[in-house]
There are 2 protein chains.
Amino acid sequence: MATMKEIARQTGVSVSTVSLVLNNRDEGRVKPHIAQQVRQTAERLGYAPNPLARSLRTSRTKILGFISEEIATTPFAGGIILGAQDAASTLGYMMITVNTDGVSNEDDEIAALQRYGVDGFLYAKMSNRLAQIPQSITDYPVVLVDATSEGHRFPSIQPDEFRIGYDATKRLIEAGCTKIAYIGCDDDMPAQIGRLQGYRQALENAGLRFDERRTVAIGGNGPALSAVSKLFDNEGPDGFFCFNDARAWYVYECAARCGLTIGQDISVVGVDNHRVFAETLHPRLTTVELPHYEMGYWAVCRLVSEIEDRPPSSFIMPATTAQMPALDAPAPASIHCTLINKESVARQA
Amino acid sequence: MATMKEIARQTGVSVSTVSLVLNNRDEGRVKPHIAQQVRQTAERLGYAPNPLARSLRTSRTKILGFISEEIATTPFAGGIILGAQDAASTLGYMMITVNTDGVSNEDDEIAALQRYGVDGFLYAKMSNRLAQIPQSITDYPVVLVDATSEGHRFPSIQPDEFRIGYDATKRLIEAGCTKIAYIGCDDDMPAQIGRLQGYRQALENAGLRFDERRTVAIGGNGPALSAVSKLFDNEGPDGFFCFNDARAWYVYECAARCGLTIGQDISVVGVDNHRVFAETLHPRLTTVELPHYEMGYWAVCRLVSEIEDRPPSSFIMPATTAQMPALDAPAPASIHCTLINKESVARQA
DNA sequence: ATGAAAGCGCTAACAG
DNA sequence: CTGTTAGCGCTTTCAT
């Protein structure tokens, strides 16, 4: 590994000059001619700065800490991590990802990250919920991903939950459904609240009545199926908006039992917190796709902009179908989601 | 952050003494009395070493690079990463995880990891397959996870593929199945080969004839389902050993179409490369559980043992149901997998 | 416009 | 046994 010292020696200048040039701080301080030479030698030697040495001096590591509760348990996290990783990579950062199962080891992991001198933290949840940010990281730049902090103390990147509910329901309405059920979540997280609102709004706009009996709040496993089953029997809905794919599964199960065919007798739209389910197992499930990759990507951009104290607008966004709001939009910023049509939304004759 | 210098000052000794003590190299070199004092001050000041400074000196970072192709796309990776993370954490290491989509960015990511001075690499694949280890990391300690290198050049942690096939098939035989099908993979990876061998051996041991017509090699999507469907029609198997859960799904689909009930009319055993499927969607699917967590954990132990050049036996293994072979067993070491019985394996009347 | 020198926090020879 | 010294590679005053 070539060092600055070596470059300095071979070019016949001092280390400080090399440092100046290689950090692009040479404007008007080093003769263009010399600068040119330095750059050449650096190039020739295949110079790459030693991040450790640099960090030791600057106490900036260019390492980001990614804290997530459930990397292991859900497939979704990958998309976020991937996007974050890409952004980090593009911006010259590395990411250390730690997994905190609940709270037991959270402090330890954070302490470790801090010792390694991370410049800031990403804090990600599964499904947009209220997150309790550990005291220990509040002095650092922090950006939440798919999560919300109380009082919006921290910038957060989250999907446009209202829009998810609205779009999904609208799609069902367009397909001709008139008795649309919402298979929701029994937890009062922002995701649930926002999607339910979107659902109601879409119904209202279409002149359909919201009927509480057509919504279920599902938590566990056993009761869940019977709740959906009961909904089938009592209300006979012709369309279903499902909080996520796991919940959509219950609809599939019940439909099968009743001899109904998805995309023909009833229509279903799910949200892909577990898109992998939908794609592998239920190709006919129409899905509102969460922009996980983009959320990760954007979160890192936001975080780095905070760390380096430069305007967010200077970042390049990934090519994506999801529309991004302006980065300087008031928090909580939210990302528009994409609706992927599949055959499961039948036109009701 | 307290430094050694500060400790030295407050204790009235020199930095070197402090360094000696705090690195537990004081045995017979520093008066126990002094050492004691040093430790106390360190404790009092809440001293934590600065890994950067240390690394700069030792060129050991205590950072491990984890390279995986598909963190994003499959849920399985989580288990491995989690185990690896835990082991790393226990052994005082951090892990930087990078995702290489195919080969395009692999070299860049590796270069980045190298600049950050990782001490070694974990190289993980999805499903045990032959891995092409990039030239650039061959000078580092490398351990493969759920993968095999040509000629076993590198130590690798992989499941006992033969045993997976053997156990799964044996389970079906015990359930009374006589016409057992193998829904396999159309790729010649070690996982496929080993499991198929196990399948054949189990049949043979039970005095059942191996019949090529009862095996399918499945690749893509469309053809896959029809292949399984044909198998149903032509051979009418009463038991199915499926390469993974995605393939098990085809069996479910066909069974449903034929009006057969899993766990009653036919029996199914799958392998959980995607356990999440099985648990959430198919509670009745009997699963051979791959010890992902353990593989990750063990891989890191192996890697660190290489890095620090100390005997592997000095590591503490995680409490686990999966039996681990001796760490100094000849490579490739393989881990025994656990069979999880569920109702899908019916006793055939 | 350039270089000398100090120092980030730590480790490791080497003296004493 | 303990302290002195040098230096890892880089950034950053401060002289020149």
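This structure is a prediction, so every number in the text was calculated from the model and none was measured. Chain letters run A, B, ... following the sequence lines, proteins first, then strands; residues in each count from 1.
Distances shown here put every side-chain N or O of Ser19(A) at or beyond 4.0 Å from the OP1 or OP2 atom of dC10(D). At dT11(C), none of the side-chain N or O atoms of Thr58(B) fall inside 4.0 Å of OP1 or OP2 (strictly under the cut-off). The phosphate of dT2(D) (OP1 or OP2) has no side-chain N or O of Ser14(B) nearer than 4.0 angstrom. Here Arg54(B) does not reach the OP1 or OP2 of dG9(C): none of its side-chain N or O atoms lies under 4.0 Å away.
Regarding Arg60(A), its CZ atom lies at a distance of 14 Å from the C1' atom of dT11(D), rounded to whole Å. Atoms CD (Glu6(A)) and C1' (dG9(D)) sit 13 Å apart, rounded to a whole Å. Lys5(B) places its NZ atom 8 Å from the C1' atom of dG7(C), with the value rounded to the nearest Å. For the pair Arg9(A) CZ and dG3(C) P, the computed distance is 15 Å after rounding to whole Å. If you measure from atom CD of Glu27(B) to atom P of dT2(D), you get 13 Å, rounded to the nearest angstrom. Atom CG in Asp26(B) sits about 14 Å away from atom P in dG3(D), given to the nearest Å. Protein atom CD1 of Ile7(A) is 12 Å distant from nucleotide atom P of dG9(D), rounded to whole Å. In this entry the distance linking NZ of Lys31(B) with C1' of dT2(D) reads 8 Å, nearest Å.
When atom types are taken as modelled, the side chain of Ser89(B) and the backbone of Gln85(B) share no donor-acceptor pair closer than 3.5 angstrom.
A heavy-atom distance below 4.5 Å is not found between the side chains of Phe66(A) and Val300(A). Side-chain contact check for Leu113(B) versus Met94(A): some heavy-atom pair is nearer than 4.5 Å.
The base of dG9(C) does not come close enough to the side chain of Arg57(B) for any donor and acceptor atom to sit less than 3.5 Å apart.
When heavy atoms are screened at a 4.0 angstrom cut-off, Asn23(B) is found touching the sugar-phosphate backbone but no base atom. Looking at heavy-atom distances under 4.0 Å, Arg29(A) makes contact with a base. Within the nucleic acid shown, Leu52(A) has no heavy atom closer than 4.0 Å to any nucleic acid atom. Among the heavy atoms of the strands lying under 4.0 Å from Ser16(A) is at least one base atom, whether or not backbone atoms are also near. The residue Thr3(B) sits close only to the backbone: its heavy atoms come under 4.0 Å of sugar-phosphate atoms, none of a base.
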Legend entry - Verdict with supporting geometry, Ser16(B) and Ser19(B), side-chain hydrogen bond (donor to acceptor under 3.5 Å, both in side chains): CA-CA 5 Å; Ser16(B) 11; Ser19(B) 174; over 6 Å; no
Inset, instruction - Would you please test Thr97(A) and Thr97(B) for side-chain hydrogen bond (donor to acceptor under 3.5 Å, both in side chains) and show each step? - result: CA-CA 7 Å; Thr97(A) 310; Thr97(B) 309; 4.8 Å; no
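Comparing Arg25(B) and Gly12(A), the nucleotide of DNA chain C nearest to each residue sits closer to the 5' end for Gly12(A).
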